[in-house]
Structures are given as structure tokens and as C-alpha cells.
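All remarks here apply to the structure that follows.
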Amino acid sequence: MLYLFLKEPSSQLFILLWVVVGLFFILFFFSKPYFIWIMARAVTIGVSLVAHPLNLATVYSDYGLIAINNGFNAITMSIDYECSGVIETAAFWALLAFYPMYQAKEKVVLALLGFLWMYVANVIRLILIVLIVHTFGVDHFFLAHSIIGRIVFYIFAVFFYYKVFTYGYLAKNKKKV
């Protein structure tokens with residue numbers, strides 16, 4: 001497959017790949033000053049809805065910070081572009097923009113649903129990290145954040161991608177498949 005890309009650079013798939021990647025970078029770089037700040041604040045507010053009543057962490061949503069204290073030690077998470085869900089949202093929007101199975105109105109609805117889905121998945125991921133660190137201590141932060149949290153988030157993301165792209169294609173092309 002890669003050979004075909006390199007041999008036949010004028011193929012539609014090759015062009016589509018570069019357009020999607022290009023749109024992703026445009027969305028990502030233009031979102032840097034504002035969208036990341038908005039998403040970091042929104043995600044921390046979502047986490048605070050669970051963490052504050054259960055006394056799991058102190059959330060400073062204006063600064064994008066989550067302070068986890070389990071009584072013995074503490075750690076502060078800073079929510080930046082990697083933890084805000086902006087990268088995943090931009091990737092989804094870039095793929096959806098050029099996906100040929102949907103009309104413009106459907107793409108707008110799916111883009112909003114994708115934004116909401118990635119937001120909720122990210123909040124669940126961060127709440128899980130807070131729960132693990134609060135319960136087991138700061139020593140488990142790497143495991144909670146870099147492994148368990150990512151696995152949980154990507155399970156949500158892959159499920160949504162399947163529903164939008166794979167299942168959406170199969171549902172619209174029942175006779176061809």
C-alpha cells in the first residue's frame with residue numbers, strides 16, 4: 001500500500017491523506033492560543049463536578065490545574081494541549097471534514113457530537129487518574145496517567161471512530177458490502 005502512495009502520488013487517497021493532515025495542523029495551530037485554554041478550563045470544570053463533592057482533589061479551573069492530595073502526599077496536574085482533548089478533537093474534525101459518506105449538515109452534527117464525546121471521554125480519563133492517585137498515592141501517577149488513562153480514553157475514541165466511520169460506511173452501503 002505504501003508503495004502505491006510513493007509510486008502514484010497523484011492518487012486520490014494520497015491527496016486526501018495530505019489534505020487531512022494539513023487541516024489537522026491548521027486546526028491545531030490556530031487553536032493553540034484560545035481553544036486549548038477553553039478546553040483546559042472546560043475539562044477541569046468537568047473534573048471538579050466529581051472531584052470536589054467527593055473531596056478527591058482541588059481543581060483550579062481558571063489555571064487548568066488539578067491538585068490531588070491523598071493525605072500523605074500531593075501532586076498537581078497541569079492541563080495543557082495534550083490533556084485538554086484538542087489534539088484528538090482536531091484529528092477527528094480533520095478526518096470528518098473530508099469523509100465522503102456524510103452531507104454537510106450531518107458533518108456539522110457529527111463534529112459537535114465528536115467534540116462532546118471527546119470532552120466526556122477526557123473528563124472520565126482525568127477523573128480516573130484522580131481516583132487512582134488519590135487512592136493509591138503519587139507513586140501511581142505515571143501508571144494512572146500514561147497507561148490506564150490513555151487506554152481508557154482511546155477505547156472511547158476508537159469506539160466513536162468506529163461508529164462514525166466504519167459503521168457509518170457500512171450502514172450507508174449495505175448493498176455494496
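Values in this document were obtained by computation on a predicted structure and should not be read as measured data. Residue indices begin at 1 and follow the sequence shown.
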Query raised in the report: Going by the side chain to side chain donor-acceptor pair (under 3.5 Å) test, which pairs reach into residues 126-144, not counting sequence neighbours?
Result: none
Query - Pairing residues for Phe165 by the ring pair (Phe, Tyr, Trp, His ring centres under 6.0 Å) criterion, not counting sequence neighbours - result: Phe92, Tyr99, Tyr161
Report summary line: side chain to side chain donor-acceptor pair (under 3.5 Å) filter on Tyr154, not counting sequence neighbours, yields Glu88
Which pairs of donor and acceptor atoms, one on a side chain in residues 70-79, lie under 3.5 Å apart (sequence neighbours left out)?
from	atom 1	to	atom 2	distance (Å)
Asn70	OD1	Phe72	N	3.1
Asn70	OD1	Asn73	N	3.1

Query - Listed once per pair and sorted, the salt bridge (Lys or Arg N to Asp or Glu O under 4.0 Å) pairs that draw on residues 33-58, sequence neighbours left out - result: Arg41-Asp62
Query raised in the report: What pair of heavy atoms forms the shortest contact from Val86 to Phe28, and how long is it?
Result: CG1-CD1, 4.4 Å
Report summary line: With sequence neighbours left out, the residues meeting side chain to side chain contact (heavy atoms under 4.5 Å, CB included) with Val19 are Ile15, Phe98
Query - Inter-residue atom distance Ile124.CD1 - Phe153.CZ, 0.5 Å rounding - result: 10.5 Å
**Report entry** Heavy-atom closest pair, residues Ala57 and Ile66
**Finding:** CB-CG2, 3.9 Å
Report summary line: Taken to the nearest 0.5 Å, the spacing of Asp80 CG from Leu65 CG works out to 10.5 Å
Query raised in the report: Counting only heavy atoms not in Tyr60, do more than 12 fall under 6.0 Å of its OH?
Result: no
Query - Nearest heavy-atom neighbours spanning Ser84 and Ala40 - result: CB-N, 4.0 Å
Query - Single-linkage hydrophobic cluster Met118~Ile38, side-chain heavy atoms < 4.5 angstrom - result: no
Query raised in the report: Going hydrophobic residue to hydrophobic residue with side-chain gaps under 4.5 angstrom, can you get from Val164 over to Leu112?
Result: no
Report task. Can you run down the side chain to side chain donor-acceptor pair (under 3.5 Å) pairs that involve residues 43-59, sequence neighbours left out, and say none if there aren't any? Result -> none
Query raised in the report: Roughly how far, to the nearest 0.5 Å, is the CD1 atom of Ile132 from the CG atom of Leu56?
Result: 12.0 Å
Report task. Under the side chain to side chain contact (heavy atoms under 4.5 Å, CB included) rule, what do Trp93 and Phe115 come out as? Steps first, then yes or no, please. Result -> CA-CA 9 Å; Trp93 285 348; Phe115 171 76; 3.9 Å; yes
**Report entry** Path from Leu54 to Ile129 over hydrophobic side-chain contacts below 4.5 Å
**Finding:** yes
**Report entry** Joint hydrophobic cluster, Leu95 plus Val109, side-chain heavy atoms closer than 4.5 Å
**Finding:** yes
Requested in this report: Over all heavy atoms of both residues, which pair between Leu96 and Ala111 is shortest? Give the atoms and the distance, please.
Outcome: CD2-N, 3.5 Å
**Report entry** Pairs involving residues 105-127, ordered by first then second residue, that meet side chain to side chain donor-acceptor pair (under 3.5 Å) (sequence neighbours left out)
**Finding:** Glu106-Lys172, Asn122-Arg125
Query raised in the report: Which pair of heavy atoms, one from Val123 and one from Val47, lies closest together, and at what distance?
Result: CG1-N, 4.0 Å
Query - Hydrophobic cluster membership, Phe136 vs Leu126, 4.5 Å side-chain cutoff - result: yes
Query raised in the report: So do the side chains of Phe24 and Ile87 get within less than 4.5 Å of each other, counting heavy atoms only?
Result: yes
Requested in this report: Can you see which heavy atom on Leu27 is nearest to which on Ala90, and at what distance?
Outcome: CD1-O, 3.7 Å
Query - Pi-cation contact, Tyr167 with Lys163 (under 6.0 Å, within 45°) - result: yes
Requested in this report: Under 4.5 Å between side-chain heavy atoms, chaining through other members, with only Ile, Leu, Val, Met, Phe, Trp and Tyr counted: pull out the rest of the cluster around Leu49, sorted by chain and number.
Outcome: none
Query raised in the report: In chain order, what residues pass the side chain to side chain contact (heavy atoms under 4.5 Å, CB included) check against Ile147, with sequence neighbours excluded?
Result: Phe142, Leu143, Ile151
Report summary line: Under a side-chain separation threshold of 4.5 Å, the hydrophobic residues clustered together with Ile26 are Phe30
**Report entry** Pairs touching residues 146-156 that satisfy salt bridge (Lys or Arg N to Asp or Glu O under 4.0 Å), sequence neighbours left out
**Finding:** none
